[in-house]
Amino acid sequence: MPDTRSDVARPCAGMEDCGMGNRVHDAWTEIRTRVERAQRDIGVTDPVEAVKAPSEDLGHLGFPAFSFARQLRRNPNEIAGDLAARIGTGGILKSVTTAKGYVNLFLDEERLASAVLEEIFESGDRFAAGGAAAPGTWVIEYSSPNTNKPLHLGHIRNNLLGMGISRIAEYHGQNVVKVNLVNDRGIHICKTMLAYREWGEGKTPESAGVKGDHFVGEYYVRFDKEFRKELSEYAQQSGAKPEEDAFFNGPSRLGQAARELLRKWEQGDADTLSLWRRMNDWVLGGFARTYERMGCRFDLTQFESETWRFGKQLVEEGLAMGVFARREDGAVVLDVARVDPALSGEKVLLRSDGTSVYMTQDIGTAAKRVDQFTPDRLIYVVGDEQNYHFKLLFGILDLLRPGMGRRCHHLAYGMVRLPEGRMKSREGTVVDADDLMDELNSMAREEILVRAREGHAHAEGVSETDLSDRSEKIAQAALKFFVFRFTPRKSFEYDPKQSIDFAGQTGPYCLYAYARTRSLVRKAGTEPRFDAGLVPLLALPVERALVRQLFELPVVVEKSAETLDPSKIAEYAFNLAASFARMFNDKEYPIVTCEDARLRQARVMLAAAVGITLKTALGLLGIDVLEEM
RNA sequence: ACGCCUGUAGCUCAGUUGGAUAGAGCAGCGGACUUCUAAUCCGCAGGUCAGAGGUUCGAAUCCUCUCAGGCGUGCCA
């Protein structure tokens, strides 16, 4: 039984955002251009970037000069010295040194702190936005569920990756078009419809008091159960034990009835279409609630019932161009070696009866998206089991329209396992998305209540609305951070116990750090504003290190957007939270309890800036912060 | 059989695309609360970067082979 993309695991920047006038971007631009220019001046053709040095003693940023030695036929130390002199001091650079073939940069920390803090207080959560060197349009397809059962943990990863990358790319300055391609047609849908017709007794989600997608999902499961019963009865009577598919497409009564429904659907039978629309609406209504809860948005929802015929014309054109060939049996095929000489075999693009396949549709939707949005990048968030499909798709697109495939990118991610093994929807070993979020929510709620009983000031006397708000935000933070911690490429095991553990690299940990920054601000009495006169008071090594950490966000956003990897943002958020927690916990470092009024103001200002930055980074992952925990 | 992906501390993961002393968290052990919110923090311990060759100033990172695991190679989606 085939699954769709999402089921198996696929399941513009405005002027105010661009670097113009942004102190943080300007500082980075200054550093980068000076480093690059110095390299070009001595004849380096492929300049390297200055990155964070391993230790503050060596420098704040640095880069090696070894790689230039051969090309320039000079000693690395000598090259480093030359580069250091050419980069020069002044502006944001306090000094430039060399050490063992490396060029090391020390930033003017007071100047940097002024720039970073002023920008944070002026621009708020947009302070690191709009850094894209080449803003363009990105079309991102994600989620792409089936309309026959509710979303599960696999979809959660897809939804979050799509949502996260969309937010990061938008923040970076791309114009993002988020597309959901819903699989709402096909034999699997007909099975569910059949089960409902046979055993649904005219119930509705409203009458049954069940969320629409869960309601319909029950009939998907019911069909499978009845089908298996029929199969085993058949096997007992006939003594033969046919393959499931063979039985479904052969003697099975249920199989015949489901196929009949598909025929009627394709012929436009009024009753069938009416039932189909009704059930799809139930499911989509359920999905909408889950998307809303997770923070997923779409600019365009496409339905396969409307797009499945797309691409036929393009395939015909490809046939005329000689890119494809018609086989003796009438099927139109591609010799896959045309895509990659290392491959061999054929890929069918039109069946011998002229109907389209999955690939045909994807060729069509890609072309439509290009025509409609003229995107610079077309991104597909789909599980890595479809790597081959997308390799072929992009190759085909390049054959049909040169250059088109190169703009495409398959964001392939690994599957989510359970401790018991792979999730199988028919075997009931799935973790339902809604159930999981409910479970996390009640765990968070319980924890808050425990703290209230223990007499914690911030939990005591919490109102019911506040309690449900807090528990939901903590639940979402826990789930999202857990999923985002992993590089998309990797598969991971979802461990329910670990996901609810609030200690360590978790969303709640980050939320807690944010809440503590807000607590300081509340105690200070007023919301801090930038005050240049306070900057010189922030001269301790830990304070300066923290400012440099704030300064890193634009680079992290850039890397994250370029590599389509939100885990870099999660890592950044955690590290920032940890730095702050360390400082906050230091009894030798009073912040709001600092007796010196000016020092107090300066420290609260820094803490507030950390809060804004933490909120910004978490926001890119769709995680909402809490003022109190 | 072939192709792609993965293999780093007891466990879960980072490692800036070839750079400086391989870093976090969890678990373990030992410490810090009449709190700036302890859902926290500090310290200790923990490594043959799967293995073997190779490339070079320099390799967890690149090339080859081997081993182990995952996923693919449909006129399914």
Side-chain angles (χ1 to χ4, degrees), chain A residues 1-10 48-49 51-55 58 62-64 66-67 69-70 76 99-102 104 146 183 186-188 245 304 327 329-333 336 340 342-353 355 357-359 361 383-389 391 412 414-415 417 422 447-448 450-451 456-459 474 485-487 489-493 495 498 501-506 508-509 511-513 515-516 519-520 523-524 555-556 559 563 567-568 571 574-575 578 581-587 589-594 603-604 607 628-629:
Chain A
M1 188 174 308
D3 279 337
T4 61
R5 347 184 129 197
S6 71
D7 183 46
V8 280
R10 180 190 210 187
V48 297
E49 246 182 281
V51 297
K52 194 156 90 180
S55 134
L58 294 166
F63 63 96
F66 303 105
S67 51
R70 185 173 298 122
K100 294 188 291 183
Y102 285 84
N104 290 318
N146 273 346
N183 182 281
I187 191 69
H188 54 294
D245 283 357
E304 290 198 13
R327 225 163 43 185
D329 62 7
V332 176
V333 299
V336 297
D340 182 344
L343 299 175
S344 63
E346 286 181 338
K347 174 66 195 173
V348 170
L349 299 172
L350 285 178
R351 294 190 184 99
S352 46
D353 66 2
T355 58
V357 294
Y358 185 58
M359 185 65 85
Q361 175 193 250
D384 62 8
E385 49 267 290
Q386 297 196 43
N387 283 352
Y388 183 68
H389 172 77
K391 184 185 172 73
M415 69 177 175
R417 295 181 311 272
R422 187 174 181 167
E447 189 64 31
I448 295 166
V450 166
R451 286 168 67 77
H456 292 267
H458 295 271
I474 290 169
R485 267 182 53 207
F486 303 89
T487 301
R489 183 182 355 104
K490 295 214 181 185
S491 59
F492 67 89
E493 185 173 287
D495 183 346
Q498 200 188 329
D501 193 344
F502 289 15
Q505 297 171 326
T506 69
Y509 174 91
L511 250 41
Y512 185 59
R516 297 209 286 188
S519 174
L520 292 175
K523 282 212 158 62
V555 175
V556 177
K559 290 276 185 284
T563 58
S567 75
K568 296 182 197 316
E571 187 188 17
F574 172 76
N575 287 334
R582 203 168 300 132
M583 196 180 230
F584 184 91
N585 239 270
D586 185 355
K587 298 288 183 268
Y589 185 81
I591 300 171
V592 78
T593 52
C594 185
R603 291 176 178 186
V604 171
E628 285 183 81
M629 273 179 83

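The chains referred to below are lettered A, B, ... by the order of the sequence lines, with proteins before strands, and numbering in each begins at 1. As the structure is a computational prediction, the values presented were derived from the model and not from experiment.
Contact of the A:Val556 side chain with the A:Glu571 side chain is not registered, since no non-hydrogen atoms from C-beta on lie closer than 4.5 Å.
For the P atoms, the distance linking B:G15 with B:C41 amounts to 23 Å, nearest Å. For the P atoms, the distance from B:U21 to B:A60 is 11 Å, rounded to whole Å. Rounded to the nearest Å, the gap between the P atom of B:G18 and that of B:U61 is 11 Å. For the C1' atoms, the distance linking B:U40 with B:C33 amounts to 10 Å, nearest Å. When the C1' atom is compared between B:U64 and B:U55, the two are found 11 Å apart, to the nearest whole Å. B:A59 and B:U16: their P atoms are spaced 16 Å apart (whole Å). When the C1' atom is used for both B:G25 and B:A14, the distance is 10 Å, rounded to whole Å. Nucleotides B:G7 and B:G51, compared at atom P, are 13 Å apart to the nearest Å.
The ring-ring contact (aromatic ring centres under 6.0 Å, His included) test applied to A:Phe63 returns no partner, not counting sequence neighbours. Legend: residues meeting ring-ring contact (aromatic ring centres under 6.0 Å, His included) with A:Phe486, ordered by chain and number and at least two apart, are A:Phe482, A:Phe492. Residues satisfying the side chain to side chain donor-acceptor pair (under 3.5 Å) criterion with A:Thr487, sequence neighbours excluded, are absent altogether.
You'll find that the side chain of A:Pro54 is closest to B:A20, out of B:A20, B:A39, B:G25. Of the candidate nucleotides B:C41, B:A39, B:U12, B:U12 has the atom nearest to the side chain of A:Arg485. Which of B:U21, B:C13, B:C41 sits closest to the side chain of A:Lys100 comes down to B:U21. The listed nucleotides are B:A14, B:A77, B:C26; the one nearest the side chain of A:Glu571 is B:A14.
Among the heavy atoms of the strands lying under 4.0 Å from A:Arg327 is at least one base atom, whether or not backbone atoms are also near. When heavy atoms are screened at a 4.0 angstrom cut-off, A:Glu49 is found touching no nucleic acid atom at all. Contacts of A:Val51 with the nucleic acid, taken as non-hydrogen atoms under 4.0 Å apart, include base atoms.
With A:Asn387 contributing its side chain and A:Asp384 its backbone, the two residues share a donor-acceptor pair below 3.5 Å. With A:Arg351 contributing its side chain and A:Val357 its backbone, the two residues share no donor-acceptor pair below 3.5 Å.
Comparing A:Gln505 and A:Lys52 by the nucleotide of RNA chain B whose heavy atom lies nearest to each, the residue mapping closer to the 5' end is A:Lys52. Between A:Ala53 and A:Ser491, the residue whose closest nucleotide on RNA chain B is further toward the 5' end is A:Ser491.
Remark: A:Arg417 is not in phosphate contact with B:G70, judged by side-chain N or O atoms under 4.0 Å from OP1 or OP2. For the OP1/OP2 pair of B:A39 and a distance below 4.0 Å, the side-chain nitrogens and oxygens of A:Arg516 include no atom meeting the criterion. The side chain of A:Tyr358 places no N or O atom within less than 4.0 Å of a non-bridging phosphate oxygen (OP1 or OP2) of B:A77.
Side chain A:Asn104 to base B:A20: a donor-acceptor pair is found below 3.5 Å.
The strand RNA chain B forms stems, runs of 3 or more Watson-Crick or G-U wobble pairs with distances below 3.5 Å, at B:1-7 with B:67-73, B:10-13 with B:23-26, B:28-32 with B:40-44, B:50-54 with B:62-66.
Distance CG (A:Asp586) to P (B:A32): 17 Å, rounded to an integer number of Å. As rounded to whole Å, 20 Å separates atom P of B:G3 from atom NZ of A:Lys347.
For B:U6, the base adopts the anti conformation, since its glycosidic angle falls more than 90 degrees from zero.
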Set out, line by line, the N/O atom pairs under 3.5 Å between protein and nucleotides 56-60 of chain B.
{"from": "B:U56", "atom 1": "O3'", "to": "A:Arg70", "atom 2": "NH2", "distance (Å)": "3.3"}
{"from": "B:C57", "atom 1": "OP1", "to": "A:Arg70", "atom 2": "NH2", "distance (Å)": "3.2"}

Every protein N/O within reach of nucleotides 4-6 of chain B N/O, cut-off under 3.5 Å:
{"from": "B:U6", "atom 1": "OP1", "to": "A:Arg489", "atom 2": "NH1", "distance (Å)": "3.0"}

